[in-house]
Every structure is written in structure tokens, then in C-alpha cells.
Q: 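Pasting in a structure now, in C-alpha cells, and then I'll have a few things to ask.
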Amino acid sequence: MIKIYDTLTRSLREFVPLTEKTVKMYVCGPTVYNYIHIGNARSVVSFDTIRRYFEYRGYTVHYISNFTDVDDKIIKGAREAGMDTKAFSDKFIAAFLADVQQLGVKPATQNPRVIDYMDEIIDFIQVLIDKGFAYEAAGDVYFRVAKSENYAKLANKTLADLEAGASGRVDQEADIKEHPFDFALWKAAKPREVFWDSPWGAGRPGWHIECSVMATEILGDTIDIHGGGADLEFPHHTNEIAQSEAKTGQTFANYWMHNAMLNINDEKMSKSLGNFLTAHEMLEQVDGQVLRFFLATQHYRRPLNYTEKAIHDAETNLKYLKNTYTQPFTDQVEEGRWQQLVADFVQAMDDDFNTANGITVVFDMAKWINSGNYDADIKADFAQILSVFGIVFQEEVLDGEIEALIAERQQARANRDFATADRIRDELAAQGIKLLDTKDGVRWTRD
């Protein structure tokens, strides 16, 4: 029984899907004006791991993650680069897909782009206007937060709380809005900006409306899970709920999931501190599977701290798991113990996808395998469990020369020619092959 911590209710809830053994899941994707930073990569890996675990447990997952390709930063970046906005966005979409592939992230079921849903966005906004939830002002269209039931419930706040905390701050559109917290559904075009025609004049959509439209168009008015980084809880996800439920009259998402942030050497990552790291830069220095393993080691709702030592530890631990996975089979397996370990893994991961505890069980499995319990069935199970964390090992194949040397060494030991056996061991060690003599025969690892 999988339990999920639901941000909206602030509670751990049993997962009950809308359709049996099916998950409709929408995760906010990147705004494609630059390479994603390492914190973005943490979110991508966290939700990919959650998706993979659902699949391990037998669910079919419809995993939707969008590209925001209409945005102020994209317009500014394209102008500075001397490119049109689509070509500029295409560049960073391609970079994102290449980076997450190196991180072992499965392709989404769909990656919708805002520019492909412009008609649906305009229709969505028109429904909100017709129902009295939105209004046009000087070519912009705004959502009426005062009419929204329990606005900001996701952030565990009321509209009065938000007003009290605003300290008199207003944005530049305040003079044309009915309420300071009304948010833009449509923005009137400015000179030299990309635009689309609409009933309210030339313009483009606001950020929040985009995800509501793509999620409901692809997955339906109500979805199982909506996820993203904790920084999206307010206002982005808050506004998604308000406008979606105003339009449909239905619950937008049954479960809300948010991953915690990533720090760099115990400090918040920021350009001003000079510790801003992009995944693109990191993947030039660190193997993608190592970086993925590091990002998966902490529970998604707990902050994760990036340090060089943490990356080194991830590399060492991953090598240990690889050596375990590539061990030769043994003569006997304590089947009951293996089934208990698998049950322990499921119990850990069923508890809100607790990867920290799940990986602890994985290392218990590795220790047990290395004690002499391994066969083809165990290897297949172990591979499935490792794949939850995006770990996929290629089978090691010793070339003929190395196989012959191992066989020669075994014969030398049988003949009590220990000098020759030691010489061959040293020769193999120089090639990165370490041998371990056990009661079940010679086992080897490759550095």
C-alpha cells in the first residue's frame, strides 16, 4: 500500500488512483531559456524515481511534463541572442533532453509545449470570463482571486493572510486590477514581443494558465498527482488550483507532491554567491549515473546538500553495487531471506517513496549477495530494484586472455604452484581485475 505525503492536506495518505493500477501524473517542467541547474535536476530525478517505483509496483504511469516556451525570460534571451523565440527554446529543450538522458531519466509520456496549446488556452480563459472568474483590463485578462473558494489553500493560507503579509507591496499592474493578488491569465503584447491574436487583442498567456490547460487537456479535469519543486507551491500551483477548479468545478489533483531544495556546501544555491551549478556543466565533470545516484539518495521532501565528498561517496557506493551485480552465481541461495529483503524494500518505498531507507535495504541486499547468495533469479530481481533508482549496469564480459589467465591461476593453485598463482593475480590487478577466492570459487571485480 503506497502512501503519499499530500502537500494540500499536510498528511500522509493512502494512494487510491482514479483508475485501478493507473497513475495520471503531471510534473511541472522547465522554462526553457537556459540550461537547467542542479536543483532542477533534483526535481526531475525525484519524480522520475517516483514514476519508476510506481511501475515497479505494477502501475501504468501516464507521465506528463511540460516545456514552458513562452515567457519573459525567453523573449529577453532570444532578443539578446538574435534568435526568434521558438529557435531559442528549441535549443534549450534539446539540451534538457540530452542532460536528463545522461541522468537516466525515462522519457515522459508527453512533453507538451505551450505554443501548441494556444487555442485551448484562449478557450479556457474565455470560460473563466463567462463564469465571472476573470475579467479583461486594458488588453490583459486577470483571475478574480476573491471569487475563488479557499484561494491559497495549498500554501495553507487564506487571502487575508496573504494581504496581511504583503506589507503594502504592489506590482506594476495594481492600478488596473480589482484586487492586488489577481493574477494574469493573458498579457497584452508589448512592442517587439511574440504574440497571438485573441478576443482581448494581441498578446500571450500568463505562466500559471499554461499548466492548467495542458494538464486537463491531456489527462482530464481531475488527475491523480501533480508535482514539482517546493518553490512552485505558491503562487504557481496555488493559481493552477484556483483557475482549474473554477473552470471545471472538479478537484484538479487528488495528491500534491513537492520536492525540497538542493544546497551547495550548506548554502542556498544562487548566482550572487557564485555557487550556481547547471546540470550541463556538472555532467561534463561527473558521470551521469553517479550524479543521478547522489540525487536519489535523500528522501525527496528533505533538503539535499551537494558537496564534492557526497559525489565521491556516490561514485564509491555505485561501484560497490556494480561489483555486486556482476558477481558470478553461487551454488545456493537462502530464498526466504531474499524475499524478506524485497519486502523490506517495498515497505521503505511504500512510505512516501523513502529512497534513503530504500537504498539502505539495497545495500543490505548487496551485503547478503556478497556473502555467497546469488543466482539468475536474484540477479533479475536485483536489477529491477536498482532500476527504480535509474541504475542500469551493462554486463561485464571478460576477454579471452583474462579468462585464460584466471583459469591458469586456478590450475596453478590446484598444483600448489603458489608463486605462479600470485604472479597471475598481480598481473590481473595491474589490469584492474581484483580476484576473491571463496568457497564457491573465484569471484572478481573490476575497478
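Worth knowing before you read on, the calculation uses all heavy atoms, side chains too, and leaves out hydrogens, waters and symmetry mates.
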Q: Does Arg192 have any salt bridge (charged side-chain N to carboxylate O under 4.0 Å, His left out) partners at least two apart in sequence or in another chain, and if so, which?
A: none
Q: How close do Ile64 and Ile218 get, counting heavy atoms only, and between which atoms?
A: CD1-CG2, 3.7 Å
Q: May I ask you to check whether over 12 heavy atoms, not counting those of Lys157, lie within 6.0 Å of atom NZ?
A: no
Q: CD of Gln285: more than 12 outside heavy atoms within 6.0 angstrom?
A: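 Yes, CD of Gln285 has more than 12 neighbouring heavy atoms, counting only those of other groups under 6.0 Å.
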Q: Testing the 3.5 Å rule here: is there a donor-acceptor pair between the side chains of Arg292 and Thr49?
A: yes
Q: Side-chain contact test, heavy atoms from C-beta onward, threshold under 4.5 Å: evaluate it for Tyr53 versus Ile2 and give yes or no.
A: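 In short, these two side chains touch, coming nearer than 4.5 Å.
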Q: Using the test ring pair (Phe, Tyr, Trp, His ring centres under 6.0 Å), find all partners of Phe92 that sit at least two apart in sequence or belong to another chain.
A: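 Partners of Phe92 by the ring pair (Phe, Tyr, Trp, His ring centres under 6.0 Å) criterion, ordered by chain and then number, come out as Tyr35, Phe88.
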Q: Which distance, rounded to the nearest 0.5 Å, do you find between the OG1 of Thr297 and the CG of Leu304?
A: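 The OG1 atom of Thr297 sits 5.5 Å away from the CG atom of Leu304.
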Q: Are any non-hydrogen side-chain atoms of Asp287 and Glu315 less than 4.5 angstrom apart?
A: no
Q: Within a 6.0 Å radius of atom CD on Gln101, are there more than 12 heavy atoms belonging to other residues, nucleotides or ligands?
A: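 Not buried by this count: 12 neighbours or fewer within 6.0 Å.
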Q: Does either side chain, that of His280 or that of Asp99, offer a donor lying less than 3.5 Å from an acceptor on the other one?
A: yes
Q: Decide yes or no on side chain to side chain contact (heavy atoms under 4.5 Å, CB included) for Leu291 and Ile311, but give the supporting numbers first.
A: CA-CA 7 Å; Leu291 186 56; Ile311 292 295; 4.0 Å; yes
Q: Would you please say whether a donor-acceptor pair under 3.5 Å links the side chains of Arg52 and Tyr56?
A: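 No, because no side-chain N or O of Arg52 sits under 3.5 Å from a partner of the opposite role on Tyr56.
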Q: Side chains of Asn323 and Gln327: is there a donor and an acceptor less than 3.5 Å apart?
A: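 No, because no side-chain N or O of Asn323 sits under 3.5 Å from a partner of the opposite role on Gln327.
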Q: Distance from Thr85 atom OG1 to Arg79 atom CZ, nearest 0.5 Å?
A: 10.5 Å
Q: Are the side chains of Val16 and Asn254 in touch, meaning some heavy atoms are under 4.5 Å apart?
A: no
Q: What are the two closest heavy atoms between Phe124 and Ser244, and how far apart are they?
A: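 Smallest interatomic distance, heavy atoms only, reads CZ-CA, 4.0 Å.
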Q: Where do Pro205 and Ile209 come nearest, in terms of heavy atoms and distance?
A: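 Looking at all heavy atoms of both residues, the shortest contact is CB-CG2, 3.8 Å.
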Q: Going from CG on Leu97 to CZ on Phe67, what distance comes out if it is rounded to the nearest 0.5 angstrom?
A: 4.5 Å
Q: Do Tyr26 and Phe252 have side-chain heavy atoms sitting under 4.5 Å apart?
A: no
Q: Using the side chain to side chain contact (heavy atoms under 4.5 Å, CB included) rule, take Asp352 and His299 through it: C-alpha gap first, then chi angles, then the decisive distance, then the call.
A: CA-CA 9 Å; Asp352 194 32; His299 189 283; 3.3 Å; yes
Q: Do Val333 and Asp377 come within less than 4.5 Å of each other through their side chains, counting heavy atoms only?
A: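 Sidechains of Asp377 and Val333: no contact.
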Q: Any chance the side chains of Thr307 and Asn305 put a donor and an acceptor closer than 3.5 Å?
A: no
Q: With side-chain hydrogen bond (donor to acceptor under 3.5 Å, both in side chains) as the test, would you mind laying out the steps for Asp344 and Gln340 before giving the verdict?
A: CA-CA 6 Å; Asp344 291 346; Gln340 182 57 57; 2.8 Å; yes
Q: Is it true that atom CD of Glu120 has more than 12 heavy atoms of other residues, nucleotides or ligands lying nearer than 6.0 Å?
A: yes
Q: Quick check: does any side chain N or O of Asp350 sit under 3.5 Å from a backbone N or O of Met1, one acting as donor and the other as acceptor?
A: yes
Q: For Arg302, is the CZ atom crowded, meaning more than 12 foreign heavy atoms sit under 6.0 Å from it?
A: no
Q: Of all heavy-atom pairs between Cys28 and His226, which one has the smallest distance, and what is that distance?
A: SG-CE1, 3.5 Å
Q: Side-chain donor-acceptor pair under 3.5 Å between Asp48 and Tyr63, yes or no?
A: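 Per modelled atom types, Asp48 and Tyr63 side chains form no pair under 3.5 Å.
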Q: Side chains of Leu103 and Val44: does their closest heavy-atom pair fall under 4.5 Å?
A: no
Q: What's the spacing between Lys367 NZ and Tyr320 OH if we round to 0.5 Å?
A: 8.0 Å
Q: Report yes if the distance between the aromatic ring centroids of Tyr151 and Phe181 is under 6.0 Å, otherwise no.
A: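 Not close enough - the centres of the two rings lie 6.0 Å or further apart.
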Q: For Thr7, which of His258, His237, Arg301 qualifies under side chain to side chain donor-acceptor pair (under 3.5 Å)?
A: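 Only one option passes, and that is His258.
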Q: For residues 217-241, which residue pairs qualify under salt bridge (charged side-chain N to carboxylate O under 4.0 Å, His left out), counting only residues two or more places apart or in two chains?
A: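 Listed once each, the pairs are Arg10-Glu233.
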Q: Drop me the distance from Thr326's OG1 to Lys379's NZ, to the nearest 0.5 angstrom.
A: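 Spacing of OG1 (Thr326) from NZ (Lys379) equals 7.0 Å.
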Q: With side-chain hydrogen bond (donor to acceptor under 3.5 Å, both in side chains) as the test, would you mind laying out the steps for Thr158 and Asp161 before giving the verdict?
A: CA-CA 5 Å; Thr158 66; Asp161 293 333; 3.2 Å; yes
Q: Drop me the distance from Ser148's OG to Asp182's CG, to the nearest 0.5 angstrom.
A: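 Reported value, rounded in 0.5 Å steps: 10.5 Å.
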Q: Under 3.5 Å, side chain of Thr238 to main-chain N/O of Ala152, donor-acceptor pair present?
A: no
Q: Please evaluate residues Asp72 and Tyr33 with respect to the criterion side-chain hydrogen bond (donor to acceptor under 3.5 Å, both in side chains), reporting the C-alpha separation (whole Å), side-chain torsions for both, the decisive distance (0.1 Å), and the verdict.
A: CA-CA 9 Å; Asp72 290 340; Tyr33 69 96; over 6 Å; no
Q: Taking Lys21 for the side chain and Arg57 for the main chain, is one N or O donor matched with an acceptor at less than 3.5 Å?
A: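 Looks like yes, one N/O pair under 3.5 Å.
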Q: Got Phe393 and Leu321 here, is their nearest side-chain heavy-atom distance under 4.5 Å?
A: yes
Q: Parallel, tilted or perpendicular, judged at 30° and 60°: which one describes the rings of His208 and Phe183?
A: perpendicular
Q: Please list, chain by chain and in numerical order, all residues satisfying side-chain contact (heavy atoms from CB on, under 4.5 Å) with Ser89, sequence neighbours excluded.
A: Val32, Asp69, Ile74, Arg113
Q: Show the nearest heavy-atom pair for residues Pro328 and Tyr374, with the distance to one decimal.
A: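 Reported closest heavy-atom pair: O-CD2, 3.8 Å.
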Q: Under 3.5 Å, which donor-acceptor pairs do the side chains of residues 355-362 form with other protein atoms, sequence neighbours left out?
A:
{"residue": "Thr355", "atom": "OG1", "partner": "Ala296", "partner atom": "O", "Å": "2.9"}
{"residue": "Thr355", "atom": "OG1", "partner": "Gln298", "partner atom": "O", "Å": "3.0"}
{"residue": "Thr360", "atom": "OG1", "partner": "Ala356", "partner atom": "O", "Å": "3.1"}

Q: Whether the side chain of Asn317 engages the backbone of Ala314 through a donor-acceptor N/O pair (distance < 3.5 Å, no angle test) should be reported.
A: no
Q: Does a side-chain heavy-atom distance below 4.5 Å link Phe234 with Leu162?
A: yes
Q: Between Glu55 and Lys106, is there a salt bridge with N-O shorter than 4.0 Å?
A: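 Yes, this pair counts.
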Q: Considering non-hydrogen atoms only, spot the tightest contact between Leu262 and Gly39 and give its length.
A: CB-CA, 4.2 Å
Q: Answer yes or no: are there more than 12 heavy-atom neighbours, outside Lys309 itself, under 6.0 Å from its atom NZ?
A: no
Q: Applying ring pair (Phe, Tyr, Trp, His ring centres under 6.0 Å), can you list everything that pairs with Phe15, at least two apart in sequence or on another chain?
A: Phe54, Tyr59, Tyr255
Q: Consider only side-chain N and O atoms of Asp381 and Trp338, and report whether a donor and an acceptor are under 3.5 Å apart.
A: yes
